[in-house]
Amino acid sequence: MQKPMPVAVTNIAGNITHQPAYMTIVLNDHKYSTARKKTPFILKALNEGAAAHGRLTITPSRLSLADERGQVFQTLAPTSATITDVQLGLYRSIVRQLGNGVRMKARYTLAATLMTPSASYQLLNTDLAVIAPLIAWIKDYQLHLTDPLQLATSDLDWLNLTTAQFEALTKGTKYFTWQQTIGAHW
């Protein structure tokens with residue numbers, strides 16, 4: 001059975017502290033995202049890329065969080081006094097595929113929460129290629145990492161993650177359950 005996961009689909013700036021939001025991550029001048037500038041109706045029907053995406057841009061001197069319109073709503077210094085913890089996890093959900101009959105596939109999503117003394121920013125990103133560079137950045141800046149799945153020490157090929165690998169990685173954790181993202185706006 002799938003567990004509903006409310007996701008901010010509008011007003012990311014106002015909702016990201018209490019609802020996760022899909023965010024493109026720009027790190028080392030590389031964009032990690034599966035977001036589309038415009039999502040065709042058929043892909044929305046398949047639940048593929050239908051949610052609005054904000055942007056997290058990481059530079060040597062700051063992190064900038066921008067909403068779905070590209071407006072920066074928060075900047076953070078990349079220090080342990082400002083970012084007290086980075087929590088990482090992986091979720092999976094089912095998405096439909098094009099083709100005859102009912103065809104489904106698993107979609108894996110990185111969940112990253114940036115904890116600060118005043119707020120927590122909950123980010124989702126479906127481009128798993130971001131995992132290794134994000135962990136390297138966390139280590140380079142000596143930020144505290146909460147990593148219950150041990151993503152930092154895993155040698156998995158994130159772009160070719162299989163169901164068996166995901167289940168072995170998440171067994172006994174809250175991430176094991178299938179998720180169904182649903183739009184939520186407050």
Quick one: side-chain contact (heavy atoms from CB on, under 4.5 Å) partners of Ala129, sequence neighbours excluded?
-> Tyr32, Asp127, Leu159

For Ala77, check side-chain contact (heavy atoms from CB on, under 4.5 Å) against everything at least two apart and list the hits.
-> Thr79, Thr82

Do you reckon Phe73 sits in the same ILVMFWY cluster as Leu124, going by side-chain contacts under 4.5 Å, direct or chained?
-> yes

Main-chain N/O of Gln165 paired with Thr162 side-chain donor or acceptor, under 3.5 Å = yes

Looking only at non-hydrogen atoms, find the nearest pair between Trp178 and Ala106 and report the distance.
-> CH2-CB, 3.8 Å

Verify side-chain contact (heavy atoms from CB on, under 4.5 Å) between Thr84 and Thr116, making sure each step is shown before the conclusion.
-> CA-CA 5 Å; Thr84 56; Thr116 72; 5.6 Å; no

side-chain hydrogen bond (donor to acceptor under 3.5 Å, both in side chains) pairs touching residues 66-75, sequence neighbours excluded, are Gln74-Tyr121

Smallest heavy-atom separation, Thr17 atom then Gln122 atom, equals O-NE2, 3.4 Å

Sequence-distant partners of Asn160, side-chain hydrogen bond (donor to acceptor under 3.5 Å, both in side chains), two or more places apart = Asp157

Provide the closest heavy-atom pair for Leu134 versus Ile58 in the form atom of the first, atom of the second, distance.
-> CD1-CD1, 4.1 Å

Across all chains, not counting sequence neighbours, the side-chain contact (heavy atoms from CB on, under 4.5 Å) partners of Thr146 are Asp85, Gln87, His144, Pro148

Compare all side-chain heavy atoms of Val26 with those of Arg55 and state whether any distance is below 4.5 angstrom.
-> yes

With hydrophobic residues grouped by side-chain heavy-atom distances under 4.5 Å, do Tyr22 and Leu27 end up in a single group?
-> yes

Does a side-chain heavy-atom distance below 4.5 Å link Leu123 with Pro20?
-> no

Is the Tyr108 to Phe166 ring centre distance short of 6.0 Å?
-> yes

Reported CG-to-CG distance for the pair Leu145 and Leu88, which is rounded to 0.5 angstrom = 5.0 Å

Is any side-chain heavy atom of Thr109 less than 4.5 Å from a side-chain heavy atom of Asn125?
-> no

May I ask you to test the Trp158-Val130 pair for a side-chain heavy-atom distance under 4.5 Å?
-> no

Ser80: side-chain hydrogen bond (donor to acceptor under 3.5 Å, both in side chains) partners, not counting sequence neighbours = none

What is the distance from atom OG of Ser154 to atom CD1 of Ile135, rounded to the nearest 0.5 Å?
-> 8.5 Å

If two hydrophobic side chains count as joined below 4.5 Å and joins carry through other members, does Tyr141 share a cluster with Leu76?
-> yes

Shortest non-hydrogen separation from Pro78 to Trp137 and the atoms involved = CB-CZ2, 3.8 Å

Are any of the side-chain heavy atoms of Leu156 and Ile131 separated by less than 4.5 Å?
-> no

Answer whether the closest heavy-atom distance between the side chains of Leu65 and Val72 falls below 4.5 Å.
-> no

Heavy-atom side-chain contact between Met23 and Ile12 under 4.5 Å | yes

Row check, Tyr91 ring normal vs Arg107 NZ/CZ: under 6.0 Å, within 45° | no

Could you tell me whether the side chain of Leu114 reaches within less than 4.5 Å of the side chain of Val86, counting heavy atoms only?
-> yes

Is Gln150 reaching over with its side chain to a backbone N or O of Asp147, donor-acceptor style, under 3.5 angstrom?
-> yes

Shortest non-hydrogen contact from Glu167 toward Arg92 | OE2-NH1, 2.9 Å

CG of Asp140 to CD of Gln142, rounded to nearest 0.5 Å, is 9.0 Å

Consider only side-chain heavy atoms of I, L, V, M, F, W and Y, link residues closer than 4.5 Å, and tell whether Leu149 and Leu143 are in one cluster.
-> yes

Residue pair Thr24 / Ser33: nearest heavy atoms and the distance that separates them | OG1-OG, 2.8 Å

Are the side chain of Asn15 and the backbone N or O of Thr10 linked by a donor-acceptor pair below 3.5 Å?
-> yes

